[in-house]
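Structure record follows, encoded as structure tokens.
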There are 2 protein chains.
Amino acid sequence: MSGQSQPSRPEEPARELAREPDRAAQHAGRALPAVTEGEAGARVLTRRAPGMADVAQLAGVSHQTVSRVLNDHPNVREQTRLRVRAAMEQLGYRPNRAARALVTGRSQTVGIVAQNTALYGPTSVLTAVERVVSRAGFAVGVASVPVLDRISIADAVARLLDQHVAGIVVIAPVVSANEALDDVPDDLPMAVIDGDPGRPARLVTVDQQLGARLATRCLLAAGHETVWHVSGPPDWFDSAERVLGWRQALVDAGAEVPPVLAADWSLGAGFEAGQLLARMPEARAVFAANDHLALGIMKALRQAGLSVPEDVSVVGFDDIPEAGYVSPPLTTVRPDFEAVAEQAVRLLLAQLDDPSPGGLPRVAPIPPRLVERESVAPPGRAAPRRRTGVARRSAGR
Amino acid sequence: MSGQSQPSRPEEPARELAREPDRAAQHAGRALPAVTEGEAGARVLTRRAPGMADVAQLAGVSHQTVSRVLNDHPNVREQTRLRVRAAMEQLGYRPNRAARALVTGRSQTVGIVAQNTALYGPTSVLTAVERVVSRAGFAVGVASVPVLDRISIADAVARLLDQHVAGIVVIAPVVSANEALDDVPDDLPMAVIDGDPGRPARLVTVDQQLGARLATRCLLAAGHETVWHVSGPPDWFDSAERVLGWRQALVDAGAEVPPVLAADWSLGAGFEAGQLLARMPEARAVFAANDHLALGIMKALRQAGLSVPEDVSVVGFDDIPEAGYVSPPLTTVRPDFEAVAEQAVRLLLAQLDDPSPGGLPRVAPIPPRLVERESVAPPGRAAPRRRTGVARRSAGR
DNA sequence: GGGGGTAGAGTGAGCGTTAACATGTCGGGG
DNA sequence: CCCCGACATGTTAACGCTCACTCTACCCCC
């Protein structure tokens, strides 16, 4: 297949895949120095990425000056700086991170520790953090753990440490994960996302309580006497906080506080909770700890012949993309994952710039907002069950 | 707040966060060598991670022998090997990846290039790849790009190259991304996921055509005369392949091929396509290119007073977690992302072990499977519209 | 006009590892 | 008995960079 006959390169036989080998090589990021093709006989390719020495030679300075330019040291004449920059450009020079990491003991890499899960919230946060970190000019190293227990996390952190990360971002939404944080060396810059609100140092979270209060109050405002709650797993901070917020809102309104229906985050658990709820005529308003639960609940309700929001009002949490497109469109609480990621990285960068440990950096919880759609209505069990879909109605208020 | 008075460590003032500083340090992965506490006066902490030299000294061998043990070189006496291993253990030695990368020019890191998106498919693949790569003992570097165009990808690859990755996995589901692949140096081990099926070298994909055929045939088998298709964006391979598979199934069955309704992957686009579909009485069966489109379509249908599956049958693609919990539960095609990731990493590792470029490694497309739920039924517009939910019925066949 | 500060540059020594080569030590065959 | 190859180990030199110095002008000021 590789039909072109070219000057054979001994160390690199032609590959079938390569359609236009030389162009490919040219574009490769690390340019080929001293190609000087045509010098018959002599080795045509001196394949080796250019180093500081090469740049220095071309610019007529010492390698140290090149280093200074690279690191924006002040004591370099503008003219020299330009000359070096030009030489870099010409050679397609790229600094060798490994060498730098070796000597400084720290790389321009940020490590992220996260559970490997399909859960919408954590995944959204993860990708947001990736995005923000690389936007900030850092390389991204990910260490995902199968479960968020102490040893897995310690292990992940160790792996990251091996990579000589400059700092880490840990997504630690459960208590066991948070405990593992005690084990990380305290001189390693770190930002914790979704950790224990009781330990606010270096922590960034969504204001879960506020979100839960918003959701609960929305239901109360629609005229419901009280609001039931289907919670997430008890060892999740998000879960506990949402319970707290929900209860608070109820207490504030002088409403009765029904027992919590504990579940995990899954659709299936929501479905089961929904089956329970369906048998309790007094349960007319439900705040589900996340949208998946809400969807599961709604399915169970539907199967039991109950309709949402006429018979039962439901509010979720997360605002998954599907939320506006299910039937009925789900009223829910939308956390700002992007902002969380942004704050976390900011927190980390602050520690990087200023290694002084004085004063634990803290940031305020990020307030979520309520997205009102059509899964909330005033109580009115007496009203006839309606047909599906067609009619539109705005959310109760 | 830091109430304990300890021998002060000049280079590391106590931090408020640290509750039990010394334990934390102990657990830190990189143990502290030569602590020898008590040697009054002399510096108590020689904080520096142990290197090969330290291990070598303790084991009474040269650093090179340590290196040999580390890399499982054959010519080391068993006894020596054990002694070195013990020394490593005792010192808590961890090899310095940066140094190794510097000298070998290649790190034990796999880079992943992926678009930073909320799309279910690509995201699932990404996390699956992360998982598999780190399970294989490699560090994971992620370079996410905002858009999948040529320069962004070239840039991402360059960033990864800077990290001296051993190889890369690229998730390149659109044509522009695939073109960018020409620019990567052909001696860099690579695996492409979801790329151009027309260029099968080093490519791993889901068998999109098969999936589409499965979906279409399922609808046909339910008794529908033909099947409409709402497609994804035209520049996505997934999209094009699914169109092909759908058309093929129709042609095979001798059915009429209706025009394609082009959309993107979003719920919103599905909704719009659904509004179109709702006005066409002859459209009784729809294959949506993904589940989000299907959800959007179903919402539009519902709003138009049509019910699924009585009036219109719908099949999706992806099997998002919500698929079984919407109303009606969605029949859909489930790709095996885990298998895709597994194959991709296998492909990459093969290239790592055997740098010989001979013979492009290829792997067969991974067959997806149809998950039948309740959004498909035989045509029967004549039947009265039914109420919501309650009744159960198995999918048509 | 000479001392000293300072901007701008250079020199050399590592950082921790691997690769290439050198050394030493056996055992066996000629 | 000696030489040679195999095995086991040690020695030395990079790898590409930063850090801590040194060096040279040059200018300011007394």
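For the numbers below, each heavy atom of this structure counts, side chains included, while hydrogens, waters and symmetry mates do not. Because the structure is a prediction, the values reported are computed rather than measured.
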A/D149 and A/S152 side chains, donor-acceptor separation under 3.5 Å: yes
Side-chain ion pair, A/R85 and A/D72, N-O less than 4.0 Å: yes
Separation of atom CZ in B/R83 from atom P in D/dT9, rounded to whole Å: 8 Å
Nearest-angstrom distance from the residue atom CZ of B/R97 to P of C/dC15: 22 Å
Nearest-angstrom distance from the residue atom CD of A/Q64 to P of D/dC19: 9 Å
Rounded distance in Å - CZ (A/R77) to P (C/dA7): 14 Å
First encountered from the 5' end of DNA chain C, between A/T80 and A/V103: A/T80
B/R100 and B/Q108: side chain donor to acceptor below 3.5 Å: no
For atom CZ of A/R94 and atom P of D/dC17, their distance in whole Å: 12 Å
Atom pair distance, as rounded to whole Å: CD in A/Q57 and P in C/dG10: 13 Å
Below 4.0 Å: OP1/OP2 of D/dT9 and any side-chain N or O of B/S62: no
Sugar-phosphate, base or nothing in reach of A/T65, heavy atoms under 4.0 Å: sugar-phosphate
Side-chain N,O (A/N75) to OP1/OP2 (C/dA9) below 4.0 Å: no
C/dA19 OP1/OP2 closer than 4.0 Å to side-chain N/O of B/T104: no
Distance, rounded to the nearest Å, where A/H63 contributes NE2 and D/dC15 contributes P: 14 Å
Carboxylate-amine/guanidinium contact A/R135 A/E342, below 4.0 Å: yes
5′-ward residue of the pair B/A99/B/R81 relative to DNA chain D: B/R81
